[in-house]
Protein chains: 2
Amino acid sequence: MKKNLTLKQIAKELEVSVSTVSKALKNSEEISEATRQKIQAFAKLYNYKPNNIALSLKNRKTKTIAVIIPEVVHHFFAMVISGIESVSNQKGYNVIICMSNESYEREVINMEMLASGSIDGFIISLSKESQEKKDYHHIKEVINQGMPVVMFDRVTREVYTDKVIIDDVLATQEAIQFFLSKERKKIAMISTPDYISVGRLRTEGYIRTLEQNDISVNEDLILRIEDETKLTEQLENLFDTQDFNALMAVNEIYAVAALKVALRRGIKVPEELNIIGFTDGIISQHSTPAISTVKQNAFKMGEISAKLLIDKLEADNEHEHYITEVIGTELLHRETTSL
Amino acid sequence: MKKNLTLKQIAKELEVSVSTVSKALKNSEEISEATRQKIQAFAKLYNYKPNNIALSLKNRKTKTIAVIIPEVVHHFFAMVISGIESVSNQKGYNVIICMSNESYEREVINMEMLASGSIDGFIISLSKESQEKKDYHHIKEVINQGMPVVMFDRVTREVYTDKVIIDDVLATQEAIQFFLSKERKKIAMISTPDYISVGRLRTEGYIRTLEQNDISVNEDLILRIEDETKLTEQLENLFDTQDFNALMAVNEIYAVAALKVALRRGIKVPEELNIIGFTDGIISQHSTPAISTVKQNAFKMGEISAKLLIDKLEADNEHEHYITEVIGTELLHRETTSL
DNA sequence: GTGAAAGCGCTAACAG
DNA sequence: CTGTTAGCGCTTTCAC
């Protein structure tokens with residue numbers, strides 16, 4: 001068990017000074033061809049690797065970025081991470097991933113811990129609890145310290161920074177409009193509480209489309225899931241008490257759960273009921289029938305978030321100029337919509 | 001935009017020495033009550049946070065551990081990460097996650113990059129390609145440098161270190177034995193190529209159980225999926241050419257894909273065909289019918305991996321003593337097995 | 001061409 | 001009680 005080699009050790013071994021070694025390894029013109037060769041050969045032989053931590057301390061940059069997400073287990077977030085990883089690695093950055101578990105406190109702790117030197121910037125999607133509390137001081141503080149932050153998907157207008165989102169309202173409108181074009185006007189909406197930004201926006205898209213088409217909105221057709229453990233229960237109640245021939249869900253879990261309830265009742269999908277979910281994940285693809293969805297291009301969201309962040313990290317100028325990228329979505333028809 | 005406060009700045013501001021500040025903030029007895037108070041108040045006021053990088057350099061430990069996995073998008077791996085995060089955070093460790101994308105090269109690059117000071121230890125599940133190449137020198141090297149490594153799930157006996165696995169053979173045997181107990185003796189097996197350790201082991205469990213029950217093994221009933229894009233195609237071919245009344249799949253994607261093919265052909269599940277998958281993920285839970293699975297306790301695997309690693313990190317002694325933890329599995333009956 | 005010295009932010013042994 | 005000093009591993013002036 002040999003410890004990692006340091007410049008100092010090489011220097012001693014070769015009887016030169018530390019700075020000579022440092023320069024030689026950087027191929028500096030200052031050092032004679034001969035010593036350069038000797039030192040480089042030695043370093044290669046003993047597999048010298050500069051200590052990242054020391055470099056970080058010196059350069060004041062760590063070449064790592066932190067991603068704070070509510071959950072990895074959701075396909076959407078996993079895909080975003082993939083996208084972030086992909087461009088980060090390409091550009092020589094490491095990625096630290098922290099889960100807030102939808103908790104405000106964990107979000108704060110993680111950010112504070114990382115903000116003190118460990119990383120160069122953040123990519124974050126807000127936890128449920130932070131959105132509920134509307135407390136974003138931890139994010140503002142980090143930004144104030146001069147650390148770049150990119151928010152994606154679950155964002156807030158209260159924080160002024162770069163953002164990557166989809167047009168939730170528009171995407172939902174397209175889906176609802178599709179139902180209407182097929183003369184399916186009794187549409188149920190399975191959403192989240194309004195304090196979750198994306199849920200609110202999607203519900204808004206739903207309501208707005210109905211209104212634009214002079215269809216009165218029946219609040220009883222809108223289910224806002226507060227507690228996911230009671231999801232099926234609430235869906236069953238909806239199916240029991242309401243009459244509808246189309247259903248929109250704000251994520252794929254809700255969509256597949258609704259599908260399951262429908263199937264169990266012998267409701268024919270898509271003949272009697274059309275379903276469109278959000279997130280083009282494994283669940284939607286593999287369920288029977290396969291679920292039509294609004295494809296969010298999560299991977300691309302990750303790529304763009306990382307790109308925005310790294311651009312900011314490597315820009316020398318300090319323009320306080322932030323942009324919000326809106327990623328296009330796509331209505332993907334599979335087997336739960338009838339064309 | 002204020003930069004992060006340092007001890008030096010506090011010292012200057014308060015006209016004391018840096019070490020006084022350092023000690024005062026550590027509540028050292030050496031420092032007078034008065035100055036301690038003053039310094040602590042000042043630090044709190046200006047929100048002083050020690051620089052982690054500097055601490056790491058000093059202490060030669062970074063309090064972060066790296067996880068190298070083939071993919072985050074798989075529920076199993078996502079759950080393992082959750083488990084790792086959970087205990088790591090509890091013990092004050094950060095988690096870096098890197099995806100090898102099943103590539104040997106990315107695995108090597110990631111490990112080499114991180115091994116140079118950025119982290120204290122690794123938790124790793126081998127990429128397909130590394131297993132195929134049987135090339136583990138990068139892992140051995142890191143271990144040789146004195147860095148603790150824990151392997152989980154996709155492990156190899158060629159590397160001597162701590163491991164966390166399930167008993168793949170046994171778990172599969174239980175499932176197959178269940179089929180047999182229901183007089184379902186024509187069992188198809190959807191597995192991976194043999195160079196993937198877990199696939200090989202599960203196939204072995206399948207074969208062994210049949211042999212123990214004096215049932216001849218029909219190789220045509222064993223499908224080893226090399227290329228996931230051709231999964232459905234190969235399954236369809238299996239259904240076309242073979243006759244079976246039970247099916248075992250080594251992961252939930254294969255299971256749900258098989259279910260889908262069966263359903264499409266009007267085969268009744270579970271009446272005409274029983275299915276058991278591996279990994280108790282969202283897909284299995286939400287498909288219709290819900291898929292019975294071998295529950296792998298991925299979360300627990302993560303927890304134990306992290307625990308093993310951190311124990312090693314915090315042990316002062318250097319016993320070269322490695323253990324392999326075998327996590328219990330559980331056959332979870334849902335709707336694709338008939339009791 | 002090579003090396004000594006300072007410094008990144010912090011800690012700790014040792015003086016005073 | 002407080003301060004000086006050295007050092008973690010590396011880079012970068014600035015002397016020699």
Side-chain angles (χ1 to χ4, degrees), chain A residues 2-40 42-43 46-63 113-120 145-147, chain B residues 2-40 42-43 46-63 113-120 145-147:
Chain A
K2 45 172 195 242
K3 271 286 157 217
N4 266 331
L5 200 56
T6 70
L7 287 191
K8 202 175 173 182
Q9 290 166 36
I10 300 184
K12 191 163 76 180
E13 210 64 40
L14 263 38
E15 301 185 304
V16 290
S17 81
V18 177
S19 43
T20 307
V21 179
S22 173
K23 287 172 192 158
L25 291 177
K26 297 209 122 40
N27 244 319
S28 160
E29 295 293 322
E30 280 184 57
I31 308 296
S32 73
E33 187 59 26
T35 25
R36 233 189 297 169
Q37 296 263 311
K38 184 178 63 179
I39 292 174
Q40 292 186 4
F42 186 93
Y46 290 100
N47 192 27
Y48 168 76
K49 295 263 167 47
N51 180 316
N52 286 327
I53 292 291
L55 287 179
S56 297
L57 184 57
K58 189 80 193 158
N59 304 330
R60 282 101 163 308
K61 55 177 70 162
T62 61
K63 283 286 211 172
M113 147 154 281
L114 292 170
S116 4
S118 314
I119 59 146
D120 296 344
Q145 278 170 30
M147 184 167 288
Chain B
K2 52 182 187 226
K3 270 288 157 217
N4 267 332
L5 199 56
T6 69
L7 286 192
K8 201 175 173 182
Q9 290 166 36
I10 301 184
K12 191 162 75 178
E13 210 65 39
L14 263 37
E15 300 185 307
V16 289
S17 82
V18 178
S19 49
T20 306
V21 179
S22 173
K23 286 171 193 159
L25 291 176
K26 298 210 123 40
N27 244 318
S28 160
E29 295 293 321
E30 280 184 57
I31 308 297
S32 75
E33 188 60 26
T35 26
R36 233 190 294 169
Q37 296 262 311
K38 185 177 63 179
I39 292 174
Q40 292 185 5
F42 185 92
Y46 290 101
N47 192 27
Y48 168 77
K49 294 266 166 45
N51 179 314
N52 285 329
I53 293 291
L55 287 180
S56 297
L57 184 57
K58 186 81 193 158
N59 304 329
R60 280 102 164 309
K61 54 178 71 162
T62 61
K63 283 287 209 171
M113 148 154 280
L114 293 170
S116 3
S118 314
I119 59 145
D120 295 344
Q145 278 171 30
M147 183 167 289

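Labels below follow one simple rule: chain letters A, B, ... track the order of the sequence lines, proteins then strands, and each chain is numbered from 1.
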- Separation between CD (B:Gln37) and OG (B:Ser32), nearest 0.5 Å, reads 9.5 Å
- Can you name the side-chain hydrogen bond (donor to acceptor under 3.5 Å, both in side chains) partners of A:Ser22, sequence neighbours left out? none
- Message: Strictly below 4.0 Å: does B:Lys58 bring a side-chain N or O up to OP1 or OP2 of D:dG7?
- Response: no
- Item | Student check: side-chain heavy atoms of A:Met147 and A:Ile119 closer than 4.5 Å | yes
- Rounded distance (nearest 0.5 Å) linking atom CG of A:Leu25 with atom CG of A:Leu7: 6.5 Å
- Query: Going through the distances and angles, do A:Asn47 and A:Leu5 end up as a side chain to side chain contact (heavy atoms under 4.5 Å, CB included)?
  - Reply: CA-CA 8 Å; A:Asn47 192 27; A:Leu5 200 56; over 6 Å; no
- Five-pair end axes of the helix from C:dG1-D:dC16 to C:dG16-D:dC1 and the angle they enclose, rounded to 10°: 60°
- Item | Trace of the side-chain hydrogen bond (donor to acceptor under 3.5 Å, both in side chains) decision for B:Asn51 with A:Ser116 | CA-CA 5 Å; B:Asn51 179 314; A:Ser116 4; over 6 Å; no
- Between B:Asp120 (side chain) and B:Lys61 (backbone), is there a donor-acceptor pair under 3.5 Å? no
- Students should find that the nucleotides of DNA chain C closing off the region near chain A, any atom under 4.0 angstrom from a heavy atom, are C:dG1 to C:dG9
- Query: What integer distance in Å separates A:Leu55:CG from D:dC8:P?
  - Reply: 16 Å
- List in numerical order all residues of residues 7-25 of chain A for which some heavy atom is under 4.0 Å away from an atom belonging to DNA chain D. A:Leu7, A:Lys8, A:Val18, A:Ser19, A:Ser22, A:Lys23
- Carefully, step by step, assess A:Tyr46 and A:Ile10 under the rule side chain to side chain contact (heavy atoms under 4.5 Å, CB included). CA-CA 9 Å; A:Tyr46 290 100; A:Ile10 300 184; over 6 Å; no
- Message: If you define the side chain from C-beta out and look only at heavy atoms, does anything of A:Tyr48 sit under 4.5 Å from A:Asn4?
- Response: no
- Message: Using side-chain heavy atoms (C-beta onward) and a distance below 4.5 Å, is B:Pro50 in contact with B:Leu55?
- Response: yes
- Query: Where along residues 31-39 of chain A does a heavy atom come under 4.0 Å from DNA chain C, residue by residue in number order?
  - Reply: A:Ile31, A:Ser32, A:Thr35
- Note on the structure: Here the distance between atom C1' of D:dA15 and atom CD of A:Glu30, to the nearest Å, is 12 Å
- Message: My understanding is that only residues two or more places apart in sequence, or in another chain, count here; which of them pass salt bridge (charged side-chain N to carboxylate O under 4.0 Å, His left out) with B:Lys23?
- Response: B:Glu30
- Item | Length of the CZ-P vector between B:Arg60 and D:dC10, whole Å | 10 Å
- Task: Could you tell me whether A:Leu57 contacts a base, only the sugar-phosphate backbone, or nothing, with contacts defined as non-hydrogen atoms closer than 4.0 Å?
- Result: base
- Which is it for B:Glu13 and B:Gln9 under the side-chain hydrogen bond (donor to acceptor under 3.5 Å, both in side chains) test, yes or no, and what are the steps along the way? CA-CA 6 Å; B:Glu13 210 65 39; B:Gln9 290 166 36; over 6 Å; no
- Please say whether more than 12 non-hydrogen atoms of neighbouring residues, nucleotides or ligands are located less than 6.0 Å from CD in B:Glu33. yes
- Task: Examine D:dG9: is either OP1 or OP2 under 4.0 Å from a nitrogen or oxygen in the side chain of A:Tyr48? Give yes or no.
- Result: no
